[in-house]
Protein chains: 2
Amino acid sequence: MLSTTFGALADPTRLAVVGRLSRGDATMGELAEPHRITPPAMTKHVTVLVDAGLVSRRRVGRTVVCSLRPEAFSEVEQWLGDLTAYWNGTVDRLEELLRGDGDGH
Amino acid sequence: MLSTTFGALADPTRLAVVGRLSRGDATMGELAEPHRITPPAMTKHVTVLVDAGLVSRRRVGRTVVCSLRPEAFSEVEQWLGDLTAYWNGTVDRLEELLRGDGDGH
DNA sequence: AGAACAGTTCACCATTTGGTGAAGTATTGC
DNA sequence: GCAATACTTCACCAAATGGTGAACTGTTCT
């Protein structure tokens with residue numbers, strides 16, 4: 001669900017994690033390091049992102065490496081596109097009026 | 001804050017409200033009607049959206065009319081754009097490789 | 001085998017969230 | 001002025017959230 005995706009992004013720490021992962025994969029430790037946060041807290045945050053389908057996790061040696069899942073963001077892109085279509089349409093029609101070349105509809 | 005914006009969108013009812021408002025302004029009653037929800041609950045939801053800057057509220061007679069604030073969504077658009085730039089870049093570079101016209105960098 | 005390392009799972013806690021019913025406020029219509 | 005309408009404010013409640021320390025699991029290194 002889209003609201004689940006937004007819920008996963010509704011926390012500053014998780015937003016920072018997504019930002020970090022957009023620059024490349026990272027281990028749990030690397031993700032936790034910039035934030036004054038304990039390992040269990042980061043495990044919880046990443047679990048939220050995984051459950052929302054935004055991030056994948058895999059074991060590598062004794063570390064756990066996280067990656068972003070780009071597909072998951074296309075749902076958001078789609079929604080934003082549909083939403084902004086409304087007022088872009090409005091703006092377009094306004095511009096036509098200002099240019100005086102409305103088609104009479 | 002961006003996480004506040006996402007927090008406001010992290011609830012199915014509020015997401016539906018934004019969808020409804022994208023088709024035009026509506027009163028509190030019109031917003032509440034499709035959802036099995038009491039007036040106080042809808043007041044709270046809309047307050048969250050207003051506090052996040054996504055919606056504006058104005059009194060009209062004895063009703064309260066809500067409107068979407070398009071500007072607020074540009075922050076999300078910007079973030080999504082920056083984010084997807086990463087893997088679009090990756091995809092572009094992959095396509096170049098597949099076509100065999102990489103520039104050697 | 002045993003110590004050290006990287007994370008996770010397990011209670012547990014304080015705060016926030018989404019909901020309610022009851023009472024209060026502002027506006028309209030008789 | 002008074003009743004009805006349209007919300008909002010005010011406790012209040014149950015469940016979810018973000019955090020913790022302690023104990024456990026899996027992996028590497030010696």
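In what follows, chains are A, B, ... by sequence order, proteins preceding strands, each numbered from 1.
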With ring pair (Phe, Tyr, Trp, His ring centres under 6.0 Å) as the test, would you mind laying out the steps for B/F73 and B/W79 before giving the verdict?
-> CA-CA 10 Å; B/F73 292 87; B/W79 175 83; over 10 Å; no
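Atom pair A/M28:CE and C/dT9:P shows a separation of 10 Å (rounding to whole Å applied). Distance CZ (B/R58) to P (D/dC7): 13 Å, rounded to an integer number of Å. Regarding B/L49, its CG atom lies at a distance of 10 Å from the P atom of C/dG18, rounded to whole Å. Rounded to an integer number of Å, the gap from CZ of B/R57 to C1' of D/dT8 is 9 Å.
Side chains of A/C66 and A/L31 form a contact here, defined as non-hydrogen atoms less than 4.5 Å apart.
Without hydrogens or angle criteria, A/E33 side chain to A/E30 main chain gives no donor-acceptor distance under 3.5 Å. Looking at B/R14, its side chain does come within 3.5 Å of a backbone N or O of B/A8 through a donor-acceptor pair. With hydrogens and angles disregarded, no donor-acceptor distance shorter than 3.5 Å links the side chain of A/R58 to the backbone of A/V60.
With no hydrogens or angles considered, a side-chain donor-acceptor pair links B/S67 and B/D25 at under 3.5 Å.
Residue contacts for A/T27: at a heavy-atom cut-off of 4.0 Å it reaches the sugar-phosphate backbone alone, with no base atom in range.
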Summary of protein contacts for nucleotides 18-30 of chain D, nucleotide by nucleotide, where a base hit scores B, a sugar-phosphate-only hit scores S (4.0 Å, heavy atoms) = BBBBB---BBB--
